[in-house]
Amino acid sequence: QVQLVESGGGLVQAGDSLRLSCAASGRTFSRHAMGWFRQAPGKEREVVAATNWNGGSTFYTESVQGRFTISRDNAKNTVYLQMNSLKPEDTAVYYCAAKAGAGSGSYYRNSRSYDYWGQGTQVTVSS
């Protein structure tokens, strides 16, 4: 049983940085695998980054490798997405997701694997 609330989105210029936060409820947060997804107008939802329960195993889609970092602080029930060197192509609604009962070393790239979703936060990058 998890509820997720994203924050940290906004309007920035190309080259700027943002850090998105996802605050989670539930005592079992540390047992959940977490992911960040995004959806731009007219495009399918795509995975951005994903991590296992302790942040020791991560995945990044190729377009954000080297620029974005997913991390989590289980003591604070929070997962983060640090976004550096932002590009206009990064403009999208960003969603946080949690999967219950995840394998200890597993992350998940498929949106259908996740049980809980936040409401989304808008990121707009101007040129």
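In this text, all values refer to a predicted model and were calculated from it rather than measured experimentally.
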Q. What are the two closest heavy atoms between Ser85 and Arg67, and how far apart are they?
A. O-NH1, 3.0 Å
Q. Is the distance between the ring centroids of Trp36 and Phe68 less than 6.0 Å?
A. no
Q. Which heavy-atom pair separates Ala98 from Val2 by the least distance, and what is that distance?
A. CB-CG1, 4.5 Å
Q.
Would you say the rings of Phe59 and Tyr108 are close, in the sense that their centroids are separated by under 6.0 Å?
A. no
Q: Hey, could you give me the OG1/CZ distance between Thr61 and Arg109, rounded to the nearest 0.5 Å?
A: 9.0 Å
Q: Check each of Asp73, Asn74, Ile70 against Val79 using the side chain to side chain contact (heavy atoms under 4.5 Å, CB included) test, and report the only one that passes.
A: Ile70
Q) How far apart are the C-alpha atoms of Tyr80 and Arg19, what are their side-chain angles, what is the distance that settles it, and do they pass the side-chain hydrogen bond (donor to acceptor under 3.5 Å, both in side chains) test? A) CA-CA 7 Å; Tyr80 305 96; Arg19 189 179 73 165; 4.9 Å; no
Q) Would you say the side-chain atoms of Asn52 pair up with the backbone N or O of Ser57, donor to acceptor, closer than 3.5 Å? A) yes
Q. Is a side-chain N or O of Thr51 found less than 3.5 angstrom from the main chain of Met34, in a donor-acceptor match?
A. no
Q: Look at the aromatic rings of His32 and Tyr116 and report parallel, tilted or perpendicular, splitting at 30° and 60°.
A: tilted
Q | Nearest atoms (heavy-atom pairs only) where Ala23 meets Thr78 | A | CA-OG1, 4.3 Å
Q. Where does the angle between the aromatic ring planes of Tyr95 and Trp117 fall among parallel (under 30°), tilted (30 to 60°) and perpendicular (over 60°)?
A. perpendicular
Q.
Quick one, Leu18 with Leu86, criterion side chain to side chain contact (heavy atoms under 4.5 Å, CB included). Give me CA distance, side-chain angles, the key distance, then yes/no.
A. CA-CA 8 Å; Leu18 281 174; Leu86 282 162; 4.1 Å; yes
Q. Does a side-chain heavy-atom distance below 4.5 Å link Val12 with Thr124?
A. no
Q.
Checking Glu89 against Thr91 for the side chain to side chain contact (heavy atoms under 4.5 Å, CB included) test, could you report, in this order, the C-alpha distance in whole Å, the side-chain angles of both residues, the deciding distance, and whether it holds?
A. CA-CA 5 Å; Glu89 305 92 90; Thr91 296; over 6 Å; no
Q: Answer yes or no: is there a donor N or O on one side and an acceptor on the other, between the side chain of Gln82 and the main chain of Thr69, under 3.5 Å?
A: no
Q: Check whether any side-chain N or O of Gln122 sits under 3.5 Å from a backbone N or O of Gly10 as a donor-acceptor pair, and report yes or no.
A: no
